[in-house]
Chemist: 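The structure's right below; bear with me while I get my questions together.
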Amino acid sequence: MERLEVFKMIEGATLRTVTFDEGYLLLELDSGGITLGILPVVQINDDYYLPESEGYRHRLFSQIGKSVSGIFAQGEQTTVICFDDDSSLIVTRDESGEPIEALALEKPGEPIVVW
């Protein structure tokens with residue numbers, strides 16, 4: 001995986017809230033926010049929880065309070081948000097070619113970053 005330096009500004013930030021909002025997922029950090037246009041797969045240890053999985057929301061909300069250790073590119077279609085306990089949120093773009101904003105970072109005083 002390749003570290004995405006443009007997101008380095010949120011490394012060490014703690015996830016404060018997770019909100020579902022009209023097709024988007026809002027991740028509020030103590031130093032800004034991330035908006036996901038695609039629901040991520042939640043990875044904890046060797047277990048993967050898909051959005052349609054039983055217990056998905058519980059696993060997603062269990063990430064609250066964890067610190068972001070980095071955001072990485074995995075190929076051209078996937079971004080991985082890693083936390084300090086080695087869990088992660090895996091965001092994979094649809095390969096249909098539709099231009100969807102998979103991930104947007106907003107931090108006060110900084111430009112908005114969209115991937």
Side-chain angles (χ1 to χ4, degrees):
M1 289 193 297
E2 174 188 349
R3 182 179 299 275
L4 296 173
E5 294 297 327
V6 71
F7 293 110
K8 191 171 177 81
M9 68 182 88
I10 63 161
E11 287 181 11
T14 301
L15 180 60
R16 297 291 178 203
T17 63
V18 175
T19 306
F20 290 88
D21 184 27
E22 297 183 29
Y24 291 92
L25 184 66
L26 310 173
L27 307 175
E28 184 179 329
L29 305 163
D30 54 9
S31 64
I34 298 174
T35 302
L36 300 178
I38 300 168
L39 292 178
V41 171
V42 179
Q43 181 262 319
I44 300 173
N45 298 321
D46 292 329
D47 297 320
Y48 293 83
Y49 301 90
L50 303 174
E52 60 273 8
S53 301
E54 185 176 324
Y56 175 78
R57 284 181 180 242
H58 173 73
R59 299 298 184 210
L60 182 59
F61 292 142
S62 75
Q63 301 304 97
I64 294 172
K66 296 180 182 179
S67 295
V68 175
S69 60
I71 298 182
F72 301 86
Q74 191 173 40
E76 292 184 18
Q77 301 296 326
T78 302
T79 300
V80 182
I81 302 170
C82 297
F83 294 95
D84 57 357
D85 68 346
D86 294 328
S87 62
S88 61
L89 301 179
I90 304 167
V91 183
T92 303
R93 285 183 176 186
D94 183 351
E95 294 184 17
S96 67
E98 292 195 28
I100 184 166
E101 293 177 3
L103 187 149
L105 170 66
E106 297 180 45
K107 185 172 178 180
E110 300 283 341
I112 295 174
V113 178
V114 177
W115 178 86

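None of these values were measured; they are calculated from a predicted model.
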Chemist: Ile34 versus Val68: any side-chain heavy-atom pair under 4.5 Å?
Modeler: no
Chemist: I'd like a table of donor-acceptor pairs (distance under 3.5 Å, sequence neighbours excluded) in which one partner is a side-chain atom from residues 55-63, with atom names and distances.
Modeler:
from  : atom 1 : to    : atom 2 : distance (Å)
Tyr56 : OH     : Pro40 : O      : 2.6
Arg59 : NE     : Tyr49 : OH     : 3.3
Ser62 : OG     : Arg59 : O      : 2.6
Gln63 : OE1    : Lys66 : NZ     : 3.0
Gln63 : NE2    : Ser87 : OG     : 2.7

Chemist: For the atom pair CD1 (Ile90) and CG (Leu39), what is the distance rounded to the nearest 0.5 Å?
Modeler: 13.5 Å
Chemist: Take a 6.0 Å sphere around CD of Glu52 and say whether it holds more than 12 heavy atoms from other residues, nucleotides or ligands.
Modeler: yes
Chemist: Quick one: CG on Leu36 to OH on Tyr24, what's the gap to the nearest 0.5 Å?
Modeler: 11.0 Å
Chemist: Does a side chain donor of either Ser88 or Gln43 reach within less than 3.5 Å of an acceptor in the other side chain?
Modeler: yes
Chemist: For Asp86, I'd like to know if atom CG has over 12 heavy atoms of other residues, nucleotides or ligands within 6.0 Å.
Modeler: no
Chemist: Are the side chains of Thr92 and Ile38 in contact, using a 4.5 Å heavy-atom criterion?
Modeler: no
Chemist: Rounded to the nearest 0.5 Å, what separates atom CD in Glu28 from atom OG1 in Thr35?
Modeler: 10.5 Å
Chemist: Which distance, rounded to the nearest 0.5 Å, do you find between the CZ of Phe20 and the CG of Leu26?
Modeler: 10.0 Å
Chemist: Can you tell me how far apart CG (Leu15) and CG (Leu27) are? Round to the nearest 0.5 Å.
Modeler: 5.5 Å
Chemist: Taking side chain as C-beta onward, heavy atoms only, is Val91 less than 4.5 Å from Thr78?
Modeler: no
Chemist: Return the minimal non-hydrogen interatomic distance between Arg16 and Ile64, and the atom names on each side.
Modeler: O-CG2, 3.3 Å
Chemist: With sequence neighbours left out, what residues match Gln74 under side chain to side chain donor-acceptor pair (under 3.5 Å)?
Modeler: none
Chemist: Excluding sequence neighbours, so at least two apart, what forms side chain to side chain contact (heavy atoms under 4.5 Å, CB included) with Ser67?
Modeler: Thr14, Asp84
Chemist: Please determine whether side chain to side chain contact (heavy atoms under 4.5 Å, CB included) holds for the pair Val80 and Ile71, giving the CA-CA distance in whole Å, both sets of side-chain angles, and the decisive distance to 0.1 Å.
Modeler: CA-CA 6 Å; Val80 182; Ile71 298 182; over 6 Å; no
Chemist: Going from CG on Leu29 to CD1 on Ile81, what distance comes out if it is rounded to the nearest 0.5 angstrom?
Modeler: 8.5 Å
